[in-house]
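Just so we're clear, the structure is a prediction, and the values are computed from it rather than from any experiment. Basis for what follows: all heavy atoms, side chains included, without hydrogens, waters or symmetry-related copies.
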Amino acid sequence: MTKHPFLLSLFIALLSSSFVANIANAAPAKKTIMSAVEQVAAKKLYQDNCQSCHGVDRLGAMGPALLPENLARFRKNKAIEVISNGRVATQMPAFNSSSSKTLTKAEIASLADYIYTPSKASLSWTMADINASKVQHFDQSKLPNEAQFDADLMNLFIVVELGDHSATLLNGDTFKRLDRFKTRFALHGGPKYSPDGRFVFFASRDGWISKYDIYNRKTVSEVRAAINTRNIAISNDGQYLIVGNYLPNNVVILNTSDLSPLKVIDAKDSDGNSSRVSAVYNAPPRYSFIVALKDVKEVWEIPYSDEGGVEVYKGWAHDYRVEAKAEGWKADLSKKSEQFPVRRIKTDDYLNDFFFDPDYINLIGTARNSHNGQVINLDTKKKVASIGLTGMPHLGSGITWNYQGKEVFASPNIKEGKITVIDMENWDIIKEIKTEGPGFFMRSHSKSRYAWTDVFFGPNNDKVHVIDKSTLEIVKTLAPAPGKNAAHVEFTKDGKFVLLSVWDIDGELIVYDAQTLEIVKRMPMKKPSGKYNVYNKINYERGTSH
Ligand code: DHE
């Protein structure tokens, strides 16, 4: 890290709750047109002040890529504010201060303009680039295969601390730290565990994928799979990792053993129109990845294994190989050249936020600007229902449970203060539970009578609601750190304790007794965001994210 990793904290500021509150309504920033002379001057400023962290051509390095494509949802005045005032508890200096690197208002404005200027050179990230970016920190074969500490390996947590780009490995029985390590900049989406729980994979918004060996408490290898990444998913057998990207428009499939790229698939619909990839998911009973596409009306299914042969696909309307033949796509997964075929599912609308029923037969999807959710049967490729969803439901954070003998699905909403509860048999909305503001995350556990949800946005963002799953009523509203954003919970393996984040640079991890709702421990942390229990995640527990 250099003396002035200029703009390094731009993302952090933009991810702060006040900014996040604007995401829903933020209009994409307009492309900036600078004269050639202005561009040359701004480029020089960038090279002198920003390049060491943000990379040549603004492609990102330890700091994020600074391109209009990934700043599109940020307002330019926010960028100016961060460049001018810096960011507490990061290495980002205030450039309007009396520091040795003070810039004038005009220079700051021109830098902000510059990062919103298209850069031709920067949009490509090839297989060769991916391979060249690989960093091997440790030789995996030389590391012990047993955990080098004493703990229930199924009841460990990874807690991501966005505040200083770190993660904590936490013992879920004692709530003591086993490790704290640096991560890449601005992780997003849930880290994914290998099926045995030994390794955890992280994705940063700037395309870096990191593999951490929990048994040895070491980051063993890293690779940059793309310029701007959304999230990752891991196959059932733990062999493959799929990376969904905005920039370039593609998915990258990595071999998890050494993070080498196996295949890059350009995200284009059947007519050749390119699309950003909103998110990628694993569908365990289907042995396939599901890909959400932001700009075209298609959903993709990518079978990654022939394991179990046709039997594996007995839930499908027909064997995918028959379908492959009929539709002319190749799918002999035993042949390397035909691995990871794309099965296209056409949709009526753009769908980019997903949830799946527990059997992974139906997909529930919404478009960010649509007022309806769609239910698509993945086997028949047909729409089976529309759900009248308003606001901006965050389906990806939804959970399911059994309510009065039937499976229900509940989703938070990042635009309206409500939780929508849906009957998964007939797709009717059973109830809208009014909350004190829009929320981001929701969690429960099969052994808990409660579901927890945060109020991420607005004046009540320090509150968390506890909902009784049998009555669909809020039974308690907690404010663990008044004035500070409380968000995202996760349960221990046995469901007895709940871990909650106080999402603040001087934040905390708070442990609650899941039954009495009393606080049992508080641990200071730097803006803890998501936390992930090994057992709940590798078993795809219904109350947690998948
Ligand atoms: Fe997320 C998960 C999409 C903004 C923190 N977020 C996810 C997932 C999706 C998603 C599709 C599930 C993928 C997975 O876990 O593998 N998030 C989006 C958006 O579309 C949105 C609204 C805007 C964007 O451009 O990204 C968005 N998300 C945010 C934030 O601003 C948050 C609060 C701060 C941040 O880190 O960027 C945020 N998202 C998270 C977290 C998870 C997540 C912590 C994992 C939750 C989990 O429990 O698994």
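Shown here are the salt bridge (charged side-chain N to carboxylate O under 4.0 Å, His left out) partners of D506, two or more places apart in sequence or in another chain: K526. Judged as a salt bridge (charged side-chain N to carboxylate O under 4.0 Å, His left out), and not counting sequence neighbours, the contacts of K431 are E473.
In this structure, I364 CD1 and L351 CG are separated by 11.5 Å, a value rounded to the nearest 0.5 Å.
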- prompt: What's the verdict on ring-ring contact (aromatic ring centres under 6.0 Å, His included) for F289 and W300, showing C-alpha distance, side-chain angles and the deciding distance?
  reply: CA-CA 8 Å; F289 294 126; W300 288 1; over 10 Å; no
- request: Run the numbers on Y350 and L293 for side chain to side chain contact (heavy atoms under 4.5 Å, CB included), then give the verdict.
  value: CA-CA 8 Å; Y350 301 97; L293 299 166; over 6 Å; no
query: Can you check salt bridge (charged side-chain N to carboxylate O under 4.0 Å, His left out) on D152 and K493, steps first, answer last?
result: CA-CA 10 Å; D152 175 357; K493 177 180 90 172; 2.8 Å; yes
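For the pair R230 and Y246, the cation sits on the ring face: its NZ or CZ lies under 6.0 Å from the ring centre, inside 45° of the axis. The cationic atom of R443 (NZ for Lys, CZ for Arg) does not lie both less than 6.0 Å from the six-membered ring centre of W452 and within 45° of the ring axis.
Distance alone, capped at 3.5 Å, places no donor-acceptor pair between the D468 side chain and the Y450 backbone.
At a threshold of 4.0 Å, the pair R286-E301 counts as salt-bridged, since one of the basic side-chain nitrogens sits closer than that to a carboxylate oxygen. Comment: R180 engages D164 in a salt bridge, judged by a side-chain N to carboxylate O separation of less than 4.0 angstrom. No salt bridge links K447 with D494; every basic N to acidic carboxylate O contact stays at or beyond 4.0 Å.
Ring geometry for F354 versus Y281: interplanar angle under 30°, hence parallel rather than tilted (30 to 60°). Taking the six-membered ring where tryptophan is involved, the planes of F181 and Y212 are essentially parallel, since the angle between them stays under 30° and well short of 60°. Taking the six-membered ring where tryptophan is involved, the planes of F355 and F409 are essentially parallel, since the angle between them stays under 30° and well short of 60°.
Contacts classified as salt bridge (Lys or Arg N to Asp or Glu O under 4.0 Å) and involving residues 531-546 (residues at least two apart or in different chains) are given here: E407-R542.
The minimum heavy-atom distance linking A233 with N282 is given by the pair CB-N, 3.6 Å.
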